[in-house]
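Following: one structure in structure tokens, then a few remarks.
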Amino acid sequence: MTPTQTPTQTQNDASSGAGTLDTRYQPVPASVSFPDLEESILKLWQSRDVFKRSMEERAGGPEYVFFEGPPTANGRPGIHHVLARAFKDMFPRYKTMQGYHVLRKGGWDTHGLPVELEVERQLGLTGKEQIEEYGVAGFNQMCKESVWEYLNDWEALTERMAFWVSLDDAYVTMTNEYVQSLWWILRQLWDKGLLYEGYKVVPYCPRCGTPLSSHELSLGYQEGTVDPSIFVKFVVKGEDNAFLMAWTTTPWTLPGNAALAVGDKIDYVKVRDRSGALLYLAKERAEAVLEPGYQLLEKMKGAALVGKEYEPLFQFGAAPPERYAYVIAADFVSTADGTGIVHVAPAFGADDLAVGQAHGLPVFQTVDAAGQFKPEVTPWAGIFVKNADPQITADLDARGQLYKEETYEHTYPFCWRCDTPLIYWAKQTWYIRTSDFKERLVALNDSINWVPDHIRSGRFGRWLENNVDWALGRDRYWATPIPIWKSDAPGSQYMECVGGLDELSQKCGRDLQGLDLHRPYVDEITWTAPDGGAMRRVPELCDVWFDSGAMPVAQWHYPFANQAEFDTYQQADYICEAVDQTRGWFYTLHAVSTLLFDRPAFKNVICLGHILAEDGSKMSKSRGNVVNPWQVFAEHGADATRWYMYTAGPPGNARRFSGNLVAEVKRRFLNTLWNTYSFFTVYANLAPAADRPPAETNNDLDRWLLSELNRLVREVTAAYEAYDVTAATRPIAEFVDDLSNWYVRLNRRRFWDGDAEALFTLRHALVTLAKLLAPAVPFLSEAIYQNLVLSVEPDQPDSVHLSRWPQADASAIDTELSAAMALAQKVTTLGRAARESAALKVRQPLQQVVVRTRTADERTGLERMEQLLLSELNVKELNFADEGAELVEVEVFPLPRQLGQKYGRGYPVIRRLFAQMDQTELAGRFAEGKTVTVEADGNSYEIEAADVEVRRTPRAGFALAQDGGYLVAVTTNLTPELEQEGHARELVRRVQQLRKDTNLEINDRIRLLLPQTPQLDGLLSAHRDYVLAETLTLEIVWSPATENPTAEACATFSLGEEKVTIGLTKFEISNQ
RNA sequence: GGGCCUGUAGCUCAGACGGUUAGAGCACUGUGCUGAUAACGCAGGGGUCCGUGGUUCGAGUCCACGCAGGCCCA
């Protein structure tokens, strides 16, 4: 690694090398099309192969590992992808500039339901039955091709926005290499006993015999469905005639009951009804549910009911081995309807199953795949469950366990195909036993740096704490097959998990190289089981989320190849996706890594909020408010789009997006920077010594700018290190504003004069800015760097993205100067406001400005800025309000922080008393260092000078403005001399306007024609040099412009009381 | 129904630790300045800091309970 460049070294480099007299920069037009500029930069990068070199040239440097969360290329990339890619891009760029080697391997997600649905749509198929008819081989072939449908769009967009990622080296989840790595992982989990077959509750159509996907489910909701609504009395064990009252709209699930759930913070009551039975239910529900005439006996929280055992309603078959039939606490319990006591049937509800798993409850699967009660449910065996509802209700009634029966109207899902009411039904599927690792998942999450921070213990942490086993299996076609083979011998439970293609070849005894590891081909592989059966693959496929979660391993085809690469890149320093990935990729990465390697998969993660339309509504095709990224790029450019994304608000917040919002940042930020850059090149090219750095600048404005610049470098670097994108970008915009509207404006004269120190300072600022901005706006920063650096220092890296990140030079930081300048800016603002209030133009010089600061240090700082203030405010003297007591009014202000802390409720009293006292006398005592003691209501308060702020306000004869304790006043009386000087400035301004109107070049010299009046005569004798120098006048001709035929232009205006007409001609210099 | 987040000017957003008069940009109006700027300066209108209650001498800021919106999960 070469040593990192510091500002000082830049100076040395420049002075030793490049500063020859004939150096020139490319002329930069004042206005620019950023989209055109960006296209040309793209060509430059291509021709110099900069992206590849940004990785190659850092080989051997420390590694910074970025993981690309794989998108699916079967849909068009949208603006939300631009958001994620913009945030993904900036840290690898930053780290590369810091000397790190950052491999940016791309990735594509190619499996899963979205792909299948798209192919179904293309083929006009609906449902699995038709897919099977069409043929799985052909269907999957279509999927394989469909996956790349929008690849070109993705590649083009990625390049256009300058997201540097190696797409030609991307991992692809459907390849045999990738699939084999997944198999290897599953085999590891299998060997550790972490794969098992268990129940999963799915919306299920008993007629079609198939689970429905969530989108199928959404097709079939029907409002106004009428179901039974029964209130069931569960007999409490060990209490006499006491019942837990539960409510259900699905009586057929009662034989599957395993527990009752309460909310532990919900209030419950125990009542005696008219029959004498003791009933437990939620306090809030008692009145609505119970027949009148009950008697309240007791109140308790749900937590007090937890653990209470009850008699199971039914018992079928062998006695259940596990503990069940007791009260548990669950957070899904509410008192919106029912009784606040929820019947839990793990086989028939997702909540039920989850809470059941958490408590180790049994799953009573009493219903078969046809939706009929199984044989062991003897009273109702073979009956379709919905038809059994009345019989079950009647049975409960007969046993005295039905409190009452009603009907209930609600929205219920039906099969969109056959209109059969769906049931929620637990089917057998493959699980990964993640819940065994809950504590490790939580503990390892603690070390991850989440942005925003609250995700760690909030959304993600909560998710981990409530971890349930990962339902891995899917009954579909286009995904990674679960590599488990089962013997088909009757009653056999023999299974093997296959960890790779070679292993599969061995097992079946033939070379399977070239076998497509998808359905249906992989299902054709069988061999003989030890028990004589045929080994056949289980039908399920993997959840696609497992594909992406396994990418740290599978992107390298590990462990079959690339051991070294895997070792280096197995843990990411940085990943970034939108917030919906907390339960998606963020979780699957974390889970796979924890189970396999017991360490987090990533160290830092930015979790982005979503993109909303300009009006804050959701962006969606149906609303027609989707923004096309290409259009925004074409109109405003990728830099502007990126900059908006970074600066619009905290990354975790949802952000509004529109072309208008991008246009605004382009105008305010990019244009300002561009114009400053353009300005620099104009004057640097006019001044031969432009890039000769001065040894050291003594100019306070230069030193201030360098101080601010180095503070900025420090601040931005720290923000990058903390993954705080807003803090890494917004301060740059503020600096550019200061640079353009303060530093450049105040120094115009020096640039005009070709002042080497000013030019060097500005160039240094622009070059440093280009580097600080490179990760965020890669195009504009490249354009500036190419011109300002490479034009004069050809030995520097030939792209800003190959250059080194600037280091803050602490010695250049002058906090006193920075504070003083900030105050000077404030005073200037207030001074102008004061002038405004008295209608005194800035052009008119005034005698005096009087400033009141809050502290003595601030006064010292402002004294250093005296020249600046005099010139900015166009006054002759700077004074401070603590001088000349006769000129000012005095007010003593008790400071709330000091006195509030000291005396608490005494503060308002002190404030009231002080207001009644003689302010001048009071101020005098504090000025002498004395304390003041006031008494009220028997309390005595001692106040020191430090506890008050003495405010002095100029008396009559001043115009003033104040803010936040600061006050600026200017004298309003005009002497003849001041007035004359004002006229001189007015004259200059008019001449300048005339020069402009006649299209003179900036450095053209002129001959000025003036009428000989006493006023102009006097004015010229007092301010002749000033007028000549400002207007580049070589000769004054005392002749009325209107009568002089040589005048090229003339103008008439008022100068005080007098009306004058002036003219000018260009002064031709021979021998030029 | 549960979890997390957000709520400050018409719009986009800042507001460490509770403390002097809640700020900036955009937009609007007026005005001034200008030989870098489709700029810039100044002024004006525009705020129940989502609501209610609490803690405190003092709350946009802390606490509680709500309301609205977003996301995720049911």
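Every value quoted in this text rests on a predicted model; they were computed, and no experiment measured them. Chain naming here is simple, since letters A, B, ... match the order of the sequence lines and numbering starts at 1 in each.
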How far does the P atom of B/G32 sit from the matching atom of B/U8, given to the nearest Å? 36 Å

Does A/A648 reach a base, just sugar-phosphate, or nothing at all? Heavy atoms under 4.0 Å. sugar-phosphate

Between A/G652 and A/R459, just flag the one whose closest nucleotide in RNA chain B comes earlier from the 5' side. A/G652

Please work out which of the three classes, parallel, tilted or perpendicular, describes the rings of A/W450 and A/F460, given edges at 30° and 60°. tilted

Side chain of A/R583 only, heavy atoms from C-beta on: which candidate in B/C71, B/A36, B/C73 is closest? B/C73

In whole Å, measure the gap between the C1' atoms of B/G46 and B/A9 for me. 6 Å

Could you state the CD1-P distance from A/I455 to B/C4, rounded to the nearest angstrom? 11 Å

Rounded to whole Å, the CD1-P distance (A/I611 to B/G69) equals 22 Å

Let me spell it out: for each of A/F893 and A/S457, pick the nucleotide of RNA chain B with the closest heavy atom. Which residue's pick is nearer the 5' end? A/S457

Anti versus syn assignment for B/A22, with syn defined as within 90° of 0: anti

Under 4.0 angstrom, heavy atoms only, what part of the nucleic acid is A/V744 near: base, sugar-phosphate, or nothing? base

Can you tell me the distance, in whole Å, between the CD atom of A/Q898 and the P atom of B/G58? 19 Å

If only side-chain N and O atoms count, and only distance matters, is there a donor-acceptor pair under 3.5 Å linking A/T434 with A/N467? yes

Name the orientation class of the two ring planes belonging to A/Y587 and A/W470 (parallel below 30°, tilted from 30 to 60°, perpendicular beyond 60°). tilted

Within the 4.0 Å heavy-atom criterion, would you say A/P29 contacts the bases, only the backbone, or no part of the nucleic acid? nothing

Write down the protein N/O and nucleotide N/O pairs, taken from nucleotides 17-19 of chain B, whose separation is under 3.5 Å; answer none if there are no such pairs.
residue, atom, partner, partner atom, Å
B/C17, N3, A/R897, NH2, 2.5
B/C17, N4, A/R897, NH2, 3.0

For the pair made of CZ in A/F586 and C1' in B/C72, what is the distance, rounded to whole Å? 13 Å

Could you tell me whether A/T829 contacts a base, only the sugar-phosphate backbone, or nothing, with contacts defined as non-hydrogen atoms closer than 4.0 Å? sugar-phosphate

Write down the distance between CZ (A/R667) and C1' (B/C40), rounded to a whole number of angstrom. 12 Å

Evaluate the ring planes of A/F926 and A/F914, with Trp represented by its six-membered ring, and classify them as parallel (under 30°), tilted (30 to 60°) or perpendicular (over 60°). tilted

Using a strict cut-off of less than 4.0 Å between a Lys/Arg side-chain nitrogen and an Asp/Glu carboxylate oxygen, indicate whether A/E635 and A/K666 qualify as a salt bridge. no

